[in-house]
2 protein chains.
Amino acid sequence: MQKIDDSKLKHVLMAECDYGSLFGSNIAKHAQLMKFSPQEYIVKNQVKPDYLFYLVRGKAKLYDFLANGKDTLVDFFTPPCFVGEMELMDTQSEPFSVQVIDDCYCLALPVAKYKQQLLADPVFLRNVCLYLAHKNARNIKTASQNQGFTLSQRLSAFILLTSHDGRYHEKHTQVAEYLGVSYRHLLYVIADFVKAGYLQKDQRSYRIKDEAGLQNLAWEVNLSNEWHEKASDA
Amino acid sequence: MQKIDDSKLKHVLMAECDYGSLFGSNIAKHAQLMKFSPQEYIVKNQVKPDYLFYLVRGKAKLYDFLANGKDTLVDFFTPPCFVGEMELMDTQSEPFSVQVIDDCYCLALPVAKYKQQLLADPVFLRNVCLYLAHKNARNIKTASQNQGFTLSQRLSAFILLTSHDGRYHEKHTQVAEYLGVSYRHLLYVIADFVKAGYLQKDQRSYRIKDEAGLQNLAWEVNLSNEWHEKASDA
DNA sequence: CACTAAGTATGAGAAATCTCATACTAGGAG
DNA sequence: CTCCTAGTATGAGATTTCTCATACTTAGTG
């Protein structure tokens, strides 16, 4: 972790994510810009963070470590989003680990100094509630999909979701963790996709050869989502 | 659903869960007492609730319905807890289903009338944040345990958790849903437990014969929890 | 350049879990 | 009392997913 004293950059980032509007008061100006490098922890298992972070650039992942040594990648953090808000709200709460994937820039407010103020600010509280509610809904969706669908189904949905220009190139190791299956099994299913002609491997990435085929497999998974999206359009 | 106009009962229940202290204003007095019977929905999939509920008696379950017809029992609601708070915070959000298990008594505030007021009340907002944060943490725990541990492990933890006086009697159908496995598989594992001498079936319920054996199996699962509980004691 | 860590790949065998079929039982509704 | 539903039970066979072992490749580091 590295504090960055570049007030120009700080203001650009703040403007970009409309940081000031998260609060009812002018507290935003006390935020400190920080940079975290890949592999670093923004919040570490069991260690209460000293700051309330707001991720404005980069990508991180939320882990839960189980006692049997296994870990689960629970969720991804993509900007803009809070990090460490659970611990701010509830001193009792047990921090999960948030580990950096790509360089992360965070706006950080020292908890000790501003906690009181934040907890009395309805604008801020409303934003946190909203954020928590969304996060929770997403988690529930993911978890129940992990249980209700087979890996081929979830993987095809995932490939369609994360591919650009007809190419899929995510790290298998990470994807396996996210989809909650063993690396080995993921590789099997990908091999199947290649055999079935859905994907074609070229060097470092995969090219989508039969999007319709994948759509078809992903159909039910996506249906479960659209469903809700439609509902919220109403 | 049935509105209950028994102001004595209402006040007893309010006192019991300290309802008034959830709010910064005196809004509590506008709450209406309602009763829901088993199988009824407090919040139904895709239908925005008209009230903000606070469950004070009974038991309910949170479902997510998937497009392939499968459903996942995501979480149990036990008093005291909010129901419908997601939908209050975010009009966009897609309601999940909350279905009654045992008779539920709820204190209900009409959203249309008091939404503005609630969203400006820091005391209330703080409580919702806290509630959401806890709920989220629990969901994450459950989900990652569902993935990281085998059914025997989770089931033994579950049995130890829900048994009274050395007896276990939950409905297999519900437990299967909650633990995210097929009814069939659950029965297999229970049969194994009986064979292994952990449980003994008598009529309608099971008697725990070898608690140590179960403890042993549940060991890692519980470790993952205690861990966090310890952490939050600190 | 050699060493190391992370990511990629693949095989073999085992386990966890699922689906489908089929029965039996208890309690509520008519 | 009979019908119906929900819950309980058990078998057979198929899928899904896991663990372990083993290798090869690539990028970074001293």
Side-chain angles (χ1 to χ4, degrees), chain A residues 37-40 61 66 68-73 99-102 144-156 158 168-196 199-206 217 220-221, chain B residues 37-40 61 66 68-73 99-103 144-156 168-196 199-206 217 220-221:
Chain A
S37 306
Q39 251 66 275
E40 262 190 290
K61 50 188 177 176
L66 262 25
N68 60 358
K70 289 188 191 173
D71 44 26
T72 312
L73 199 178
Q99 192 177 189
V100 174
I101 299 174
D102 299 329
S144 62
Q145 284 179 359
N146 277 349
Q147 294 213 316
F149 296 107
T150 193
L151 180 62
S152 334
Q153 298 178 292
R154 285 177 286 140
L155 179 60
S156 37
F158 184 81
Y168 168 74
H169 39 163
E170 300 295 320
K171 287 195 179 151
H172 295 154
T173 42
Q174 263 173 41
V175 175
E177 289 182 291
Y178 180 61
L179 296 179
V181 296
S182 66
Y183 175 77
R184 187 66 192 87
H185 188 52
L186 175 65
L187 271 277
Y188 268 132
V189 175
I190 289 182
D192 282 349
F193 280 10
V194 172
K195 221 174 287 169
L199 295 180
Q200 179 188 314
K201 185 170 178 179
D202 66 36
Q203 293 299 91
R204 198 140 269 84
S205 74
Y206 292 81
L217 259 178
E220 284 180 333
V221 181
Chain B
S37 305
Q39 251 66 276
E40 263 190 289
K61 50 188 176 177
L66 263 26
N68 60 356
K70 289 189 190 175
D71 43 26
T72 312
L73 200 177
Q99 191 176 192
V100 173
I101 299 175
D102 300 329
D103 279 357
S144 62
Q145 285 178 1
N146 277 350
Q147 294 213 319
F149 296 107
T150 193
L151 179 61
S152 334
Q153 298 179 291
R154 284 177 287 141
L155 179 60
S156 37
Y168 168 74
H169 40 165
E170 300 294 320
K171 287 195 180 150
H172 295 156
T173 41
Q174 263 172 41
V175 175
E177 289 182 292
Y178 180 60
L179 296 179
V181 296
S182 67
Y183 175 77
R184 186 68 192 86
H185 188 52
L186 175 65
L187 271 277
Y188 268 131
V189 174
I190 289 181
D192 283 348
F193 279 10
V194 173
K195 221 173 285 167
L199 295 180
Q200 179 188 313
K201 182 170 180 180
D202 67 36
Q203 293 300 94
R204 197 137 269 82
S205 74
Y206 292 82
L217 259 177
E220 283 180 333
V221 181

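Every heavy atom of this structure was used, including side-chain atoms; hydrogens, water molecules and symmetry mates were not. Numbered from 1 within each chain, the chains take letters A, B, ... in sequence-line order.
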Just compare [options] and give me whichever is closest to any side-chain atom of [X].
X: His185(A); options: dG7(D), dT17(D), dG7(C); answer: dT17(D)
X: Leu187(A); options: dT17(D), dT10(C), dT8(D); answer: dT10(C)
X: Ser182(A); options: dT10(D), dT19(D), dT8(C); answer: dT19(D)

Closer than 4.0 Å, any side-chain N/O of Thr150(B) to the OP1 or OP2 of dT17(C)? yes
In dot-bracket form, 5' to 3', how is DNA chain D paired? Count Watson-Crick and G-U wobble pairs only if both distances fall under 3.5 Å, and write | where the partner sits on another strand. ||||||||||||||||||||||||||||||
Rounded to whole angstroms, how far apart are [atom1] on [X] and [atom2] on [N]?
X: Tyr183(B); N: dT19(C); atom1: OH; atom2: P; answer: 15 Å
X: Tyr206(B); N: dT8(D); atom1: OH; atom2: C1'; answer: 8 Å
X: Phe149(A); N: dT19(C); atom1: CZ; atom2: P; answer: 12 Å
X: Leu155(A); N: dT17(D); atom1: CG; atom2: C1'; answer: 14 Å
X: Lys195(B); N: dT10(D); atom1: NZ; atom2: P; answer: 10 Å
X: Glu177(A); N: dA6(C); atom1: CD; atom2: P; answer: 12 Å
X: His169(B); N: dG7(D); atom1: NE2; atom2: P; answer: 16 Å
X: Gln147(A); N: dT15(D); atom1: CD; atom2: C1'; answer: 17 Å

Distances for protein N or O near nucleotides 25-30 of chain C N or O, under 3.5 Å:
none

Asp192(B) versus Lys195(B): any side-chain heavy-atom pair under 4.5 Å? yes
May I ask you to say what His172(B) touches in the nucleic acid, namely base, sugar-phosphate or nothing, with a heavy-atom cut-off under 4.0 Å? sugar-phosphate
Restricting both atoms to N or O, compile the protein contacts to nucleotides 11-14 of chain C shorter than 3.5 Å, with distance only.
from: dG11(C); atom 1: N7; to: Arg184(A); atom 2: NE; distance (Å): 3.2
from: dG11(C); atom 1: N7; to: Arg184(A); atom 2: NH2; distance (Å): 2.7
from: dG11(C); atom 1: O6; to: Arg184(A); atom 2: NE; distance (Å): 2.7

Could you check whether the rings of Phe158(A) and Tyr168(A) sit parallel, tilted or perpendicular, using 30° and 60° as the cut-offs? perpendicular
